Amino acid sequence: MLKIKAQLLNLRYIDELAAGNSVIHQLNPCAKLLVTMIFLIVVTSFPKQVLAGLIPLFVFPVTIASLADLPLAPLLRRVALALPFVIFIGIFNPVLDHSTAFTIGEVAVSNGWVSFFSILIRAVLAISAALLLVATTGMEGICAALQAGKVPKVLVVQLLFMYRYLYILLEEAGRTVQAYNLRAFEDTRIGYKAAGSLIGQLLMRTLERAQRIYAAMRSRGFDGNIPFRRCLALQVKDIIFVLFWSAFFLLARMVNIPQWLGALVLEGYR
Amino acid sequence: MHMADALISPAVGGSLWAVTAGIAVYSAKKLGKAMDDTKVPLMGVLGAFVFAAQMINFTIPGTGSSGHLGGGLLLAVLLGPYAGFLTMASILIVQALFFADGGLLALGCSIFNMGFFSCFVAYPLYRRIVGENPTPGKLLAGTGLAAIAGLQLGAFGVVLETLFSGISELPFYTFVLLMQPIHLGIGIGEGVITAAVILFIWKERPELLTKELTGIEKGSRTFRNIIVKLAIATVLISSVVSWFASTNPDGLEWSIAKTTKQEELAVPEGIHSLLADWQKKLAVLPDYNFKGSKEAAAASDAEAGQAAEWPQVSSGTSIAGIIGSVLTLLLAGVIGKSLKIVITKRPQK
């Protein structure tokens with residue numbers, strides 16, 4: 001029950017963020033999708049022993065979040081929620097790899113720990129980029145971009161429908177579970193014997209609902225196409241956006257900026 | 001079985017993107033022939049239903065754990081494998097975007113682990129067990145076994161994807177021994193719940209189980225058979241390859257070390273080494289190997305020159321080469337396309 005409510009709130013919240021009107025929100029969804037994918041390819045392409053080299057990439061999520069005027073704390077909380085699986089797999093690296101990567105004074109840091117933190121940084125970068133994409137573009141924008149990218153129409157239209165009805169069905173599932181809990185006295189966990197009828201009834205209602213929706217849409221002239229409200233013409237700012245970030249990612253990938261900066265600072269110090 | 005971006009390499013993410021995109025296009029084509037687009041709302045609403053129903057946990061007696069509905073299998077049973085796969089894909093897209101359940105680059109992996117295996121491997125298994133004349137016993141056995149098989153394959157997919165990416169240090173056997181038993185438990189939970197739902201449908205609306213909602217005849221077995229064979233072959237080949245990869249040093253490195261008695265081929269001085277240096281920096285998949293922890297692999301020119309002489313060259317490096325070329329091509333295409341758009345859009349303004 002709690003989980004369903006949390007999911008609903010999460011959906012509503014991100015939808016609210018996506019309704020903003022900042023510079024980033026106004027960019028072409030295709031451009032944002034493309035930059036996000038390039039970003040992810042660059043992040044994942046780093047060898048696993050790289051820590052410092054990944055850091056400059058934080059510029060991207062940070063810049064986007066501030067330009068889009070998004071609150072950081074709720075986004076970071078969502079990033080943190082997605083980390084446990086990555087930590088669970090990544091924690092085996094320090095256990096299994098004891099070879100020394102470098103020493104700080106007397107303390108030797110193993111390659112395992114380096115790659116573990118590298119995985120953590122990758123996770124934070126990747127998850128925040130995905131969240132920022134949807135929080136500045138919204139589902140409709142992403143679907144429009146997918147359609148422009150020649151993704152099969154069945155998938156795109158279906159995705160939009162699913163997203164629309166997610167709210168209704170999450171609410172309905174929530175109500176069903178609440179009704180069960182109210183009648184279950186002490187043990188509010190649902191036994192497997194109730195699964196068939198509980199989910200089955202929900203399914204029957206869903207199918208009837210789908211039929212009504214279908215009839216209603218047909219009578220209003222639905223022919224399998226959903227016209228998108230957004231204008232998908234690429235503007236100069238979209239192209240600059242894509243080019244600038246691609247160049248930056250490439251630079252960060254090729255040059256270890258933190259290392260270079262560090263060397264520069266040391267040089268100056270001497 | 002949602003795959004995280006942090007654990008995969010671009011090569012693994014990219015190739016599974018390509019594979020799932022191929023299956024999605026094929027499924028859409030297959031559907032387009034048999035049903036008109038106006039049935040799409042049904043898929044969407046059922047997708048939302050599965051998304052919501054998966055949130056409801058049920059206690060499974062005797063195991064002390066809980067289970068929820070197995071989404072892909074139920075969708076395939078109700079909609080058929082093609083529509084089921086597309087609906088499952090859209091569920092996973094929403095989960096990746098809004099809930100950070102699985103990464104965007106890893107979306108292909110997640111869709112493969114949960115959509116492909118449940119719709120194109122577990123579902124045919126279900127159909128084979130249930131047959132033409134379903135009975136409650138057959139339905140129970142079919143759903144249970146198919147759910148378990150789907151989850152086992154999905155978990156194995158996670159293992160292989162992680163292993164081929166080489167970001168995690170987990171050795172193959174440890175990881176398999178970790179993942180498969182956990183997912184056996186989860187699979188039993190899913191199987192019990194999904195079977196309960198299927199039996200309820202059988203009691204209330206049996207026609208839903210004998211006629212797919214999209215109106216496709218349940219005949220076309222050819223593609224399914226190919227896919228099943230392909231899946232089995234892939235699993236076999238990749239597990240064999242990965243075993244070699246994890247026990248032996250990189251094939252090419254090994255052969256070079258043996259013949260030239262040195263770890264790496266010397267790169268000539270001057271402009272050539274500068275180019276090699278730049279190439280290394282520019283490569284999206286630098287020294288990509290099945291097991292990425294190896295020291296830098298032999299220079300790429302060595303591979304080009306000597307690959308033909310040694311049949312046991314590292315499959316990891318050559319896969320990286322192939323995927324790298326595809327990515328470069330794609331990138332070139334994107335650049336070309338965007339330049340074209342710029343040029344064609346300019347005069348209109």
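All values below come from the heavy atoms of this structure, side chains included, with hydrogens, waters and symmetry mates left out. Within every chain, numbering begins at 1; the chains are lettered A, B, ... in the order of the sequence lines, protein sequences first and strands thereafter. Predicted model, so just to flag it, every value in this text is computed and none were measured.
- Both the backbone and the side chain of Ile91(B) come within less than 4.5 Å of a heavy atom in chain A.
- Of the inter-residue distances, the one linking Leu97(B) atom CG with Leu159(A) atom CG reads 8.0 Å to the nearest 0.5 angstrom.
- Proximity to chain B (any heavy atom under 4.5 Å) is shown, for Leu203(A), by both the backbone and the side chain.
- Each of Ala210(A), Gly112(A), Ser115(A) has some count of heavy-atom pairs under 4.5 Å with chain B, and the biggest count is that of Ala210(A).
- Of the atoms belonging to Leu199(B), not a single heavy atom falls under 4.5 Å from chain A.
- For Ser118(A), no part lies near chain B; criterion is any non-hydrogen pair under 4.5 Å.
- Most heavy-atom pairs under 4.5 Å with chain A, from the set Ala89(B), Ala52(B), Gly102(B), Ala53(B): that is Ala52(B).
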Please table the atom pairs, donor to acceptor, closer than 3.5 Å between any side-chain atom in residues 78-88 of chain A and protein atoms at least two apart or in another chain.
from     : atom 1 : to       : atom 2 : distance (Å)
Arg78(A) : NE     : Asn10(A) : OD1    : 2.5
Arg78(A) : NH1    : Pro74(A) : O      : 3.0
Arg78(A) : NH2    : Asn10(A) : OD1    : 3.1

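- Within the 4.5 angstrom heavy-atom criterion, atoms from both the backbone and the side chain of Thr87(B) approach chain A.
- Between the SG atom in Cys143(A) and the NZ atom in Lys153(A) there is a gap of 14.0 Å [rounded to 0.5 Å].
- Rounded to the nearest 0.5 Å, atoms OG (Ser9(B)) and NZ (Lys48(A)) are 11.5 Å apart.
- Interatomic distance, Ile168(A) CD1 to Leu8(A) CG, rounded to the nearest 0.5 Å: 11.0 Å.
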Derivation of the side chain to side chain contact (heavy atoms under 4.5 Å, CB included) call for Ile201(B) and Met204(A): CA-CA 9 Å; Ile201(B) 299 171; Met204(A) 299 301 143; 4.1 Å; yes

How far apart are the C-alpha atoms of Leu69(B) and Ile56(B), what are their side-chain angles, what is the distance that settles it, and do they pass the side chain to side chain contact (heavy atoms under 4.5 Å, CB included) test? CA-CA 8 Å; Leu69(B) 187 70; Ile56(B) 307 174; over 6 Å; no

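- For His2(B), the part lying under 4.5 angstrom from a heavy atom of chain A is the backbone only.
- Both the backbone and the side chain of Ile199(A) have a heavy atom closer than 4.5 Å to some heavy atom of chain B.
- Contact of Trp202(B) with chain A is not made at all, since no heavy-atom distance falls under 4.5 Å.
- Both the backbone and the side chain of Gln201(A) come within less than 4.5 Å of a heavy atom in chain B.
- Proximity to chain A (any heavy atom under 4.5 Å) is shown, for Leu86(B), by both the backbone and the side chain.
- Between the side chains of Ser90(B) and Gln158(A), at least one donor-acceptor pair of N or O atoms lies under 3.5 Å.
- With Arg12(A) contributing its side chain and Tyr167(A) its backbone, the two residues share no donor-acceptor pair below 3.5 Å.
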Chi angles and distances behind the ring pair (Phe, Tyr, Trp, His ring centres under 6.0 Å) call for Phe98(B), Tyr163(A): CA-CA 11 Å; Phe98(B) 287 84; Tyr163(A) 182 67; 5.1 Å; yes

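- In this structure, the separation between CD on Glu190(B) and CD on Gln54(B) is 7.0 Å, given to the nearest 0.5 Å.
- In this structure, Asp97(A) contributes its side chain and Ser110(A) its backbone to no donor-acceptor pair below 3.5 Å.
- Defined by atom type and a distance below 3.5 Å, a donor-acceptor pair is missing between the side-chain atoms of Thr44(A) and Arg122(A).
- Heavy atoms closer than 4.5 Å to chain B are found in both the backbone and the side chain of Ile89(A).
- Within residues 126-135 of chain A, the residues that have a heavy atom under 4.5 Å from a heavy atom of chain B are Ala126(A), Ile127(A), Ala130(A), Leu131(A), Leu133(A), Val134(A), listed by number.
- Proximity to chain A (any heavy atom under 4.5 Å) is shown, for Val25(B), by both the backbone and the side chain.
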